[in-house]
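Chain A is the first sequence line, chain B the second, and so forth, proteins listed ahead of strands; every chain is numbered from 1.
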Amino acid sequence: MYVAVKGGERAIDAAHDWLGRAHRGPAEQAPLDTAQIRDQMALAVARVMAEGSLYDPDLAALAIKQARGDLIEAIFLIRAYRTTLPRLGASAAVDTGAMRVKRRVSATFKDIPGGQVLGPTFDYTHRLLDFRLMADGELPATPPATGDGAALHAPHVLGFLNRDGLIEDTPDDGKEPGDLTREPMELPADRALRLQALARGDEGFLLGLAYSTQRGYARNHAFVGELRIGAVSVEMEIPELGFAIELGEVEVTECETVNQFKGSRTEPAQFTRGYGLTFGQTERKALSMALVDRALRWDELGEDDQGAPAQDQEFVLSHCDNIQATGFLEHIKLPHYVDFQAELELVRRLRAGAEDEA
Amino acid sequence: MNAPQTRLSGGFITPAFDSARGFRTILSAMSRPGTVLDLAGGHGPAPLSDAAATVLLVLCDRTTPLHLAPSHDTADMREWIAFHCAAPLVDAPDAAFALGDWAALQPLDRFAIGTPEYPDRAATLIIDGHDFNATPAWLFGPGIKDSATLALPKTAAFAANHARFPLGWDAIFTAGSRIAALPRSTKVR
Amino acid sequence: MSDYNFAYLDEDTKRMIRRAILKGIAVPGYQVPFASREMPMPYGWGTGGVQVTAATLVPEDVLKVIDQGADDTTNAVSIRKFFQKTAAVAVTERTREATVIQTRHRVPEMPLTQDQILVYQVPIPEPMRFLEPRETETRRIHALADYGLMQVRLYEDIARHGEIATSYAYPVEVAGRYVMDPSPIPKFDNPKLDDCPAIQLFGAGREQRIYALPPFTRVRSLDFDDHPFVASKADHACAICGSTTSYLDEVITDDAGGRMFVCSDTDYCAEMAEGGA
């Protein structure tokens, strides 16, 4: 006899119960503390904040715990929470020149005013599993860091090039940037809006696109002019007060690339720029963002459309958001039997027609 | 100190519910051109009708540029709108919504009618103090089974507006606590 | 009540959606861009429909939610629970009792009335999308009503297969102007959109579009004079209620490939089986 797909409600409840048990892991294990996630899984927390578009390390840690370590799921939790927050106003643009840097490197100059600061980086580590971490979770105590994020006079490296006119100037046009979370995206999108989309975009997707530009799909000859990570203060203009007050600090990663020069017989040659700015220590993401940003600027810089994926803003902007992508991808798990039935009907009828004619 | 309170009263008592119910009435009116419905809940300074006050409370906020035609451009009105809607007041061409009586809203060719790519970027006119008893015109089109009727201030203006469909503004008529609407999709005769 | 605002969304968001719905009503079949919000359910799972429903509901509403025509499919259950929790509205499985019906992939068999609103969940609102992937290009197509590409595609189907080989999400022309995607309903349901007394609203969350059909709007399925549109379904009767006019699901009943056909609209089927309707 026909058994209908009844009991959807009970099935959902049972599945959620199971999830709850699986989530906790064996009862004899200590549960994860969100403070531990925040401080010991800090790079995962940074990615969730960056792509979740919400700077809150505690909530990001909670989301990671709740999502069982699935970072896209954690980003989703943060995004869904973020939309419910009231918007009290817009901050002033952060001054990354005044950043309290913990890492700052330039690949274009051997030495720079303020110096190269390697900071806490995986670069130059040998990627060998450290079994001591597994044995007792403890490493030999290291001496406390000196100058940990100390305030440092560190002017932007690209500023030096700009002073000599060697790199394109990108003055503030004074226009208030759009916000794709409040206004539907209109194509073609301006650079500010593109940068917002990229800053929220999936790290893996942008990494792949950036990599493709390096391999020749719209190559833009990127040098890392400067990569800096550190804390910047967030300020807000209060009209009633007539001045800006500091709301707090956020950690950001900023990447400025020096790219393929432009110029002609009449116009002196100049390097061009790519830009990446992301929440937290998210170096790979900021680099990828800068390369993709640069690739998307082909039109305004008078370059050829090579038909490369990274140059195609409709393609990039429509597909870089992992929450949109994963939702639509995973929705094909939902029942589609009505449509499939319609297709089945059609194919049977077409086959019958073909047999009649044979 | 009572005066500001009276000027600033007249908002929704339970905003989420009142807005929801108000919207459903506006939706019904816009979806069924010619149908006259009751709409109340908002109350503003004269000459604003309760129906128009409710429309403003339901639809307008700091993201919707509003044009006040001279009939409704009073200090009290400005204060009430600033307090309840926070809609920026603008000139006719920039308005997402325009409020006034029919005469004060003239000439209508000042209002946005959308673009071929974005016909939604067109103004909504809130024609307050509407005479629902004026000579009715015949209406045809989406939302109407066969035909309907509605009193219109000037049939030709609405016929001309429909003639450029899908471009055109959309109209909401209010008086007292009554509302009707006429989207650009309606053919009038 | 819950800790959330009525129907989950904040008032600013609902106002924005309500304005988009009204413009959609004013220009039937045109896709109005709206700043879709991230909802607590994934994109692709009905976030557009949920936002439209949230902006439309009043506390007095009686809500019905269906997926594939059924009230008890998992996603329908999930969305119904969401609104029970966030809007505290009454819910029903009965089409005739509902004032707002949110649907995925079906139009109820029971004729709708002018006291009802039908909200469709839409995955890809752009009917031209699979012929032209670029938004900038499809926007131009709609602006100029330049739908030749669609006619060509349908005609190629006829040349190759002898008929139009689209069985669901079958494109329609609205009020003689815009070509519209009716959402992935089987083409069997297309005629129900035409001259329907209810308000029909379409929400596409991920794609940030809302569109609408006012009541009694002319909705014509695209076809050719020599190949008229046919609303087809399985040529069987429902094994439960015996209906020969409702859309049927095919159910495989045993390992040998035995099968039976039953109504996809579970409420209609139950009512027919009780001898009602």
Side-chain angles (χ1 to χ4, degrees), chain A residues 1-12 15 76-87 179-188 312 314-315 318 321 323-332 334-350 353-354 357, chain C residues 4 8 10 12-13 33-45 47 67-70 72-78 81 104-106 123 133-136 161-163 165-169 184-188 206 208-209 232-234 239-240 247-251 253 260 262 264 266:
Chain A
M1 189 49 213
Y2 170 58
V3 184
V5 208
K6 287 273 178 197
E9 199 148 357
R10 268 183 302 136
I12 290 175
F76 184 11
L77 286 167
I78 290 296
R79 291 268 193 97
Y81 173 76
R82 180 188 187 274
T83 48
T84 65
L85 300 176
R87 238 139 246 267
D179 180 352
L180 61 83
T181 70
R182 308 311 280 183
E183 293 290 329
M185 170 91 77
E186 185 183 335
L187 297 166
D312 185 333
E314 273 213 51
F315 180 81
S318 306
D321 189 290
I323 302 307
Q324 291 178 356
T326 200
F328 198 53
L329 179 91
E330 297 198 47
H331 108 281
I332 62 175
L334 289 176
H336 282 78
Y337 51 79
V338 162
D339 292 346
F340 183 68
Q341 188 62 42
E343 288 285 87
L344 211 51
E345 216 74 56
L346 177 67
V347 170
R348 281 185 183 135
R349 203 166 52 244
L350 294 178
E357 285 187 21
Chain C
Y4 294 102
Y8 185 76
D10 60 275
D12 282 347
T13 299
F34 82 112
S36 175
R37 299 295 193 244
E38 264 128 349
M39 300 299 287
M41 62 273 286
Y43 284 121
W45 299 55
T47 55
D67 184 349
Q68 315 294 301
D72 56 4
T73 35
T74 45
N75 204 42
V77 169
S78 165
K81 274 186 154 176
R104 177 168 173 264
H105 294 192
R106 275 308 313 273
R134 280 176 197 284
E135 156 76 11
T136 36
H161 301 292
E163 62 175 287
T166 296
S167 59
Y168 62 93
I185 55 173
K187 70 175 185 174
F188 172 83
R206 193 178 37 78
Q208 309 193 314
R209 296 291 183 273
S232 59
K233 69 180 227 7
I240 295 174
Y247 191 75
L248 301 173
D249 292 333
E250 181 171 337
V251 181
T253 51
M260 65 191 295
V262 295
S264 123
T266 48

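At a 4.5 Å heavy-atom cutoff, the contact between T74(C) and chain A is made by backbone and side-chain atoms alike. With a 4.5 angstrom heavy-atom cutoff, L344(A) touches chain C only via side-chain atoms. If you measure heavy-atom distances from E330(A) to chain C, the contacts under 4.5 Å come from both the backbone and the side chain. Looking at R82(A), there are no atoms closer than 4.5 Å to chain C (heavy atoms on both sides), in backbone or side chain. There is no contact between T47(C) and chain A, counting heavy-atom distances below 4.5 Å. Heavy atoms closer than 4.5 Å to chain A are found in the side chain of Y8(C), but not in its backbone. In this structure, the portions of T136(C) lying under 4.5 Å from any heavy atom of chain A include both its backbone and its side chain. Of the atoms belonging to L346(A), it is side-chain heavy atoms, and not backbone ones, that fall under 4.5 Å from chain C.
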Stepwise side chain to side chain contact (heavy atoms under 4.5 Å, CB included) check, Q341(A) with S167(C):
CA-CA 9 Å; Q341(A) 188 62 42; S167(C) 59; over 6 Å; no
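Of the N and O atoms on the side chains of R104(C) and H336(A), at least one donor lies less than 3.5 Å from an acceptor on the other residue.
Using modelled atom types, one side-chain atom of Q208(C) and one backbone atom of M185(A) make a donor-acceptor pair closer than 3.5 Å. With hydrogens and angles ignored, the 3.5 Å screen pairs a side-chain donor or acceptor of Q68(C) with a backbone N or O of V338(A). Side chain of E38(C) to backbone of T83(A): no donor-acceptor contact under 3.5 angstrom is found. Between the side chain of E314(A) and the backbone N or O of E135(C) there is at least one donor-acceptor pair closer than 3.5 Å. A donor-acceptor pair is defined here as one N or O able to donate and one able to accept, closer than 3.5 Å; no such pair exists between the side chain of Q324(A) and the backbone of Y43(C).
Ion pairing between K187(C) and E345(A) fails under the 4.0 Å rule for side-chain N and carboxylate O. The pair R134(C)-D312(A) meets the salt-bridge criterion, since a charged nitrogen lies less than 4.0 angstrom from a carboxylate oxygen.
A 4.5 Å side-chain heavy-atom check between P335(A) and H105(C) finds every atom pair outside the cut-off. Counting heavy atoms from C-beta outward, R37(C) and T84(A) have side chains that stay 4.5 Å or more apart.
Nearest heavy atom pair, residue P186(C) against residue A342(A), reads CB-CB, 4.2 Å. The nearest pair of heavy atoms linking P42(C) to G327(A) is CB-CA, 3.9 Å.
Within a 6.0 Å radius of CZ in F328(A), other residues, nucleotides and ligands contribute more than 12 heavy atoms. Around atom CD1 of I332(A), no more than 12 heavy atoms belonging to other residues, nucleotides or ligands sit under 6.0 Å away.
The candidate from E250(C), R106(C), H161(C) with the greatest count of non-hydrogen atom pairs under 4.5 Å with chain A is E250(C). When each of N75(C), T166(C), V77(C) is scored by its heavy-atom pairs under 4.5 Å with chain A, the top score falls to V77(C). Interface summary for chain A: among A165(C), P184(C), S264(C), the most heavy-atom pairs under 4.5 angstrom belong to P184(C). The candidate from L350(A), D179(A), T181(A), L77(A) with the greatest count of non-hydrogen atom pairs under 4.5 Å with chain C is L350(A).
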